[in-house]
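Data first, discussion second: the structure below is written as structure tokens.
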Amino acid sequence: MTARGDTPRPRTGRQDRPVRLGPRSAAALALVSATGVVAFGWPLLADSASGLAHSADAPWLFAALLPLLLAVVVATVADSGMDAKAVAMLGVLAAAGAALRPLGAGTAGLEPMFFLMILSGRVLGPGFGFVLGALSMFAGALLTGGVGPWLPFQMLTLGWVTMGAGLLPRPHTLRGRRELWLLAAYGAPAAMAYGLVMNLQGWPYIAGLATGISFVPGDPAAENLARFTAYWLATSLGWDVPRAALTVVLTLTVGGSLLRALRRATRRAAFGAAVTFRPADGAGADDRVRPAP
């Protein structure tokens, strides 16, 4: 509701997003994403003549570097305009995502948290989505005991998935079944890609097994790529397909209700609005919520 004489605020719009990506936060996201690409893909990107291709320390180097970069990104995005209301919503959604993770951990890849992350990223935008995805994975790892050198990679990958949902087209105009189909069409390959990318993180560790699907340091990229494809098909595809299927089913069945709830919460939170108060004698006429400059 608005006070008499106030101009109603639009029900949808950029002001409903708790974080607006500025130049600094966008640059930080680009930096950590570029580093992440190298961290995941170094076995295929490294030239056979380079020292990195023969280094057993590369996975540990990236595992130590990524948490620092993720911390920089979270701090930069938060500094770009996350107020108390945005932090509260971030905490609630991250707790919900973390609570959903144990429901599917270890059960044929059925992970309902992906559905929540994708819809939240759609409503709340790419900057908030990246932070939410990374924080939810961290909190979920604490609940399930999944803390290890792979955790920064999981945080980065789920951050990418949630951020990607925030970058989908027409976030303020597309509604109804068409939006749900758009999110389902994004969610299925995103859930598959999560497993594919995470396999790149663990694959080099089995190099010493000398199997036909092991990473061979120094071999041409095409040959290692063929081995990695066989490794993914043999070890992960059976988990990635159920994850993608569950994401699609949940999006199409209960996604509409969750999208409405999230949008209603963002409207009531009035992100980006500043509250002014009338003078103590009640003579002022500025007792209203005005858009922040």
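Basis for what follows: all heavy atoms, side chains included, without hydrogens, waters or symmetry-related copies. Note that this is a predicted model, so its numbers are computed, not measured.
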Requested in this report: Looking only at non-hydrogen atoms, find the nearest pair between A165 and I118 and report the distance.
Outcome: CB-O, 3.2 Å
**Report entry** Between N224 and W203, a side-chain donor and acceptor under 3.5 Å
**Finding:** no
Report task. Indicate the atoms forming the closest heavy-atom contact of S136 with A94, along with that distance. Result -> OG-CA, 3.3 Å
Requested in this report: Indicate yes or no: does R263 engage E179 in a salt bridge with an N to O separation below 4.0 Å.
Outcome: yes
Query raised in the report: Hey, does the Lys NZ or Arg CZ of R243 hover above the aromatic six-ring of Y194, less than 6.0 Å from the centre and inside 45° of the axis?
Result: no
Query raised in the report: Do F215 and F228 have ring centres separated by under 6.0 Å?
Result: no
Report task. State whether the number of non-hydrogen atoms from other residues, nucleotides or ligands found under 6.0 Å of Y186 atom OH is greater than 12. Result -> yes
Query raised in the report: So, R177 side chain and L252 main chain: donor-acceptor pair closer than 3.5 Å or not?
Result: yes
Requested in this report: Consider only side-chain heavy atoms of I, L, V, M, F, W and Y, link residues closer than 4.5 Å, and tell whether V249 and L119 are in one cluster.
Outcome: no
Query raised in the report: Within the side chain of Y231, is there an N or O that forms a donor-acceptor pair under 3.5 Å with the backbone of A226?
Result: no
Query - L259 vs L183 side-chain heavy atoms within contact, under 4.5 Å - result: yes
Report summary line: Nearest heavy-atom contact between A221 and L44 is CB-O, 3.5 Å
Requested in this report: Grab the two heavy atoms, one from W160 and one from V37, that are nearest each other, plus how far apart they are.
Outcome: CH2-N, 4.0 Å
**Report entry** Donor-acceptor under 3.5 Å (S236 side chain, W232 main chain)
**Finding:** no
Query raised in the report: Does any non-hydrogen side-chain atom of E111 lie less than 4.5 Å from one of L246?
Result: no
Query raised in the report: So do F115 and L100 actually touch side chain to side chain, heavy atoms under 4.5 Å?
Result: no
